[in-house]
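Reviewing the structure listed below.
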Amino acid sequence: MDFVAIEKKWNKIWEDTKLYNFDEKKLDKKFYLLEMFSYPSGASLHLGHWWNFGLSDSFGRFKRLQGYNVFQPMGFDAFGLPAENYAIKTGIHPEDSTRHNIKVMEEQLKEMGGMFNWEYELITCDPEYYKWTQWLFIQLFKKGLAYQKEAPVNFCPSCNTIIANEQVVDGVCERCGSEVVRKNMRQWFFKITDYAEELLSGLDTIDWPEKTKTLQRNWIGKSVGAEVDFKLENSDEKLTVYTSRVDTIYGVTFLVIAPEHKLVPKLVTKERESAVKEYILNASKKDEITRTSTTSPKTGCFTGSYVINPLTGEKVPVFVADYVISTYATGIVMGVAGHDARDYDFAKKYNLPIKKVINEVGKTDTELPFCEYGELCNSAEFSGMKSEDAKIKIVEKLEKIGAGRKKVNYKLRDWSVARQRYWGCPIPIIHCPHCGAVPVPEKDLPVVLPHITDYKPDGKGPLGKCKEYMNVKCPKCGRDAQREADTLDTFVDSSFYQLRYPESLRNDKEIFNRQYVDKMLPVDCYVGGVEHATMHLLYSRFITKFLRDIGCLDFDEPFQRLFHQGMVLGADGKKMSKRNTSKTADDYVKTYGSDALRLHMMFSLKYIDGGIWNDEGLKHMKAFMERVERIVLKWKDTVGENVYGEEEKELDYVLNRTIKEVAENFETFSFNSAIARIMELVNAMYKYDTKGKNGEFKKKVVKDLLILLAPSAPHFTEELWEEIGEEYSIFNQRYPGYDEAKISLEKVEIAVQINSKIVARLDVETSLSEDEFIEKITSDVKVAPLLSGKQIVKKIVVPKRLVNLIVK
RNA sequence: GCUGGUGUGGCGGAAUGGCAGACGCACGGGACUCAAAAUCCCGCGAGGGCAACUUCAUGUGGGUUCGACCCCCACCACCAGCACCA
């Protein structure tokens with residue numbers, strides 16, 4: 001068979017007959033299958049795309065054969081930094097390179113022969129799409145969930161712009177080489193923290209990999225602790241710390257405040273000013289991972305100020321230290337050197353006192369630092385209490401004297417959404433000197449991204465230089481005003497695309513129709529990399545919950561079921577992705593055809609784990625397909641006696657087991673095992689071929705085999721389906737059912753163990769009762785002698801597998 | 001560093017706590033052929049043994065269990081994410 005030629009043929013027929021069109025009238029058995037859409041990066045599809053889209057397409061085809069009306073839309077996450085960097089380097093406008101890349105990728109995805117519903121395609125840089133990105137921003141703004149605040153960013157003084165973490169290489173700007181500093185700047189945020197609790201509890205309702213849920217739980221990082229106010233000496237100002245270990249409050253010997261905290265200037269005394277300034281400057285050159293690393297040396301600088309411990313009345317010094325981060329909790333921590341590892345290191349270094357206020361339960365000689373829960377000592381009336389109880393009692397006392405309160409904290413921070421970039425969705429805000437930040441009226445959406453040619457960064461972001469864009473009248477008061485120059489993080493674009501797909505091209509009146517989207521969503525199965533666990537997957541959940549709260553939809557979670565494909569690596573073990581030279585799937589398709597490529601990918605690596613790409617097995621997949629072809633063509637016209645004996649029974653057993661297990665393997669994305677089962681069926685067919693004679697039976701096996709293989713080799717099986725004289729299309733068939741009776745054997749081999757050691761393997765009838773079964777085993781000629789004179793003290797029976805006799 | 005994950009023959013990989021290594025590759029052998037390729041069939045973890053068989057073996061070290069690749073603890077190596085790459 002000429003695999004390459006038949007693929008062209010069937011791609012055309014499928015398209016002409018609109019075989020895979022989604023039937024919007026049959027929503028009762030719809031199946032919304034979605035792969036994370038891709039960034040239109042290089043000039044052509046790399047194997048990673050194939051891995052993601054090709055294999056989940058096979059899953060979709062399997063679902064279709066099971067009778068589902070499969071919706072599998074496709075689109076592009078088209079805004080983003082790479083196109084802009086490319087433009088700065090080459091002068092090619094991001095719009096042009098992006099459109100070009102999309103076109104190439106579309107063609108290749110179509111060649112792949114997927115069931116994608118292109119008629120719903122969406123592209124995030126289309127004004128028709130980003131109109132709704134802007135609309136979403138405005139809804140969040142109206143509810144107070146989009147707001148501006150000062151936040152630390154990477155700033156390159158020479159480029160005069162904010163740069164991304166990935167653009168900082170060894171502390172310098174990758175573009176110009178100057179030293180990058182952390183700096184507070186005014187930024188737009190989405191208040192995702194308002195949803196922290198629900199994002200946490202909602203995880204219990206969705207069918208996601210446990211590891212992904214764990215990642216999100218830890219990312220949200222709920223901790224129940226307390227806030228404590230420490231009054232500043234000789235001032236009315238107070239410093240509020242957050243602690244999850246308020247039981248250690250009697251051990252506080254100092255306070256630590258983050259260098260960029262806004263209260264720092266109020267704390268620094270004249271004598272300490274230059275030292276603190278220098279310290280803060282140095283801290284601004286470090287990134288957060290270095291700062292918070294438990295192994296990097298702790299550094300700090302005394303501010304000159306002291307605070308009063310509200311419970312002990314003790315005076316303790318306040319330090320600035322960069323191991324404290326301003327964005328978590330209050331940005332100030334109480335230093336308890338005896339019971340916190342980092343505080344201990346810090347105290348050692350600066351010769352601060354170390355107090356013991358917790359003992360290991362039942363001991364008085366506990367070594368410091370002791371960071372577990374224990375029993376309090378040196379803690380006034382709380383001495384002798386267990387940590388757990390003391391936490392409650394101490395908060396009660398703090399509340400009574402007005403110096404503290406119970407507090408739940410989350411590590412989750414608000415989502416920073418503004419970017420000083422050109423190639424992104426414009427933020428629909430107008431800054432008016434009189435009215436402040438005013439949203440663009442919804443009737444004026446979209447705010448179209450102007451086509452500029454100078455997108456080099458310059459303080460404000462590239463749009464800031466475009467006067468025609470920036471200068472507008474305030475929608476509220478009509479006076480001169482300026483547009484927001486920043487654009488949105490591309491994660492905003494992708495936070496609702498799954499909601500927009502079902503009506504992407506036709507609904508220009510609303511983001512989506514509520515009745516329809518309630519029927520189409522949630523997405524039944526979502527496929528994408530685990531690297532999105534704490535960002536895209538969290539943002540989408542947040543936005544879905546927000547849209548529910550403003551009455552746009554009726555469900556809480558966007559993705560009911562989730563699978564992560566592993567990463568396909570190049571021969572060098574490196575990522576095959578947008579950032580290194582991508583391998584093209586084209587050459588393989590031209591030589592072996594897309595079905596062989598797809599089969600090889602499915603069989604040779606675990607989908608969930610990925611691994612190093614190896615094309616060695618490709619030619620064998622072609623050989624396997626030819627092996628299938630030979631037996632199918634040989635059997636298609638055979639006539640023979642209508643007998644059903646041992647041979648038929650044996651093949652029927654394999655057939656039915658294969659039908660059952662291939663379906664189970666597909667459900668868990670264990671494609672490699674599914675293909676292995678199909679190979680076993682083919683092997684069994686060849687075995688039957690040497691002796692079996694039942695022609696009708698052979699025809700049935702051939703038909704079932706082709707349907708089982710169809711999701712994994714769509715063109716190939718469609719062609720054979722036609723060759724055996726069946727009606728178009730194989731994808732309108734139903735996945736075969738299996739007969740439980742044919743899978744259950746009359747006799748199975750049982751492993752017989754005595755004291756957990758295998759002593760025999762016996763064929764035993766499955767119909768025996770447990771007593772009959774034990775009787776049969778113990779009286780066996782091999783087993784009986786080993787039991788003579790011994791007493792059986794325990795019998796462990798694992799049905800159809802093993803028996804273990806414990807003897808004395 | 002923190003969070004999550006992975007580790008099984010020469011290789012990719014199978015195994016609801018129940019006969020470790022399914023299926024495939026590589027390798028060896030046989031059939032077919034003048035021959036080769038292709039195809040079809042058989043064998044194939046390591047050590048010992050002519051053999052029946054036997055010992056060892058799922059990153060390392062412990063533990064739980066009648067029984068552990070699987071559960072628990074500690075460690076080692078590698079991978080992903082760490083909030084402005086998407």
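Proteins come first, then strands; the chains are lettered A, B, ... in the order of their sequence lines, and each starts at number 1.
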In whole Å, I'd like the distance from the CG atom of A:N665 to the P atom of B:U16.
11 Å

Quote, to the nearest angstrom, the P distance that separates B:G59 from B:G13.
14 Å

Is A:F491 touching bases, backbone alone, or none of the nucleic acid, heavy atoms closer than 4.0 Å?
base

Which part of the nucleic acid, if any, lies within contact of A:W219, taking any heavy atom under 4.0 Å across all strands shown: a base, the sugar-phosphate backbone alone, or nothing?
base

Short side-chain N/O contact from A:N683 to OP1 or OP2 of B:G24, under 4.0 Å:
yes

Would you say A:R419 places a side-chain N or O within less than 4.0 Å of OP1 or OP2 belonging to B:C84?
yes

NZ (A:K213) with more than 12 external heavy atoms under 6.0 Å:
yes

Span that lies between the P atom of B:A52 and that of B:G43, in whole angstrom:
15 Å

Would you measure the distance from the C1' atom in B:C44 across to the matching atom in B:A20 and give it in whole Å?
16 Å

Determine the Euclidean distance between corresponding P atoms of B:U65 and B:C76; express it in Å to zero decimal places.
28 Å

Residue-phosphate contact under 4.0 Å: A:N218 side-chain N/O, B:G4 OP1/OP2
yes

Main chain of A:I162, side chain of A:N154: is a donor-acceptor contact present, judged purely on distance under 3.5 Å?
no

With ring pair (Phe, Tyr, Trp, His ring centres under 6.0 Å) as the test, would you mind laying out the steps for A:Y129 and A:F496 before giving the verdict?
CA-CA 11 Å; A:Y129 181 84; A:F496 68 99; 5.0 Å; yes

Would you name the heavy atoms of A:T98 and A:P94 that are closest together and state the gap between them?
OG1-O, 2.6 Å

Please determine whether a side-chain nitrogen or oxygen atom of A:N804 lies at a distance below 4.0 Å from atom OP1 or OP2 of B:G18.
no

P-based separation of B:A22 from B:C11 [nearest Å]
15 Å

Expressed in angstrom and rounded to an integer, what is the separation of A:M679 atom CE from B:A22 atom P?
14 Å

Quick check for you: among B:G18, B:A86, B:C41, whose closest atom lies nearest to any side-chain atom of A:T490?
B:A86

Base, sugar-phosphate or nothing for A:I806? Non-hydrogen atoms, less than 4.0 Å.
sugar-phosphate

Nearest-Å distance for atom pair CD/P, residues A:E288 and B:C82
12 Å

Closest-nucleotide ordering on RNA chain B, the 5'-leading residue of A:S293 and A:A418
A:S293

OP1 or OP2 of B:A14 versus the side-chain N and O atoms of A:K606: is any pair under 4.0 Å?
yes

At 4.0 Å (heavy atoms only), tell me whether A:R627 reaches a base, stays on the sugar-phosphate, or touches nothing.
sugar-phosphate

Side-chain donor/acceptor contact of A:E749 with base of B:C19 under 3.5 Å:
yes

Just N and O in the side chain of A:K757: are any of them under 4.0 Å from OP1 or OP2 of B:U55?
yes

Distance between C1' atoms of B:C73 and B:C84 (Å, rounded):
40 Å

Whole angstrom is fine here: how far is it from CD in A:E680 over to P in B:A14?
14 Å

Reckon A:G617 touches a base, only the sugar-phosphate, or nothing at all at heavy-atom distances under 4.0 Å?
nothing

Would you confirm whether the ring centroid of A:Y195 sits within less than 6.0 angstrom of the ring centroid of A:Y410?
no

Using only modelled atom types and a 3.5 angstrom limit, is any donor from either the side chain of A:R421 or the base of B:C84 paired with an acceptor on the other?
yes

Can you find a side chain N or O atom of A:R630 that sits less than 4.0 Å from OP1 or OP2 on B:C40?
yes

Can you tell me whether the base of B:G63 sits syn or anti, using the 90° cut around 0 to define syn?
anti

Any chance you could measure A:I608, atom CD1, to A:F671, atom CZ, to the nearest 0.5 Å?
8.0 Å

Mind checking the P distance from B:C70 to B:U60? Whole angstroms is fine.
11 Å

Is A:E84 side chain donor-acceptor paired with the B:C85 base, going by distance under 3.5 Å alone?
no

Taking only the side-chain nitrogens and oxygens of A:Y686, find out if one of them lies under 4.0 Å from OP1 or OP2 of B:C40.
yes

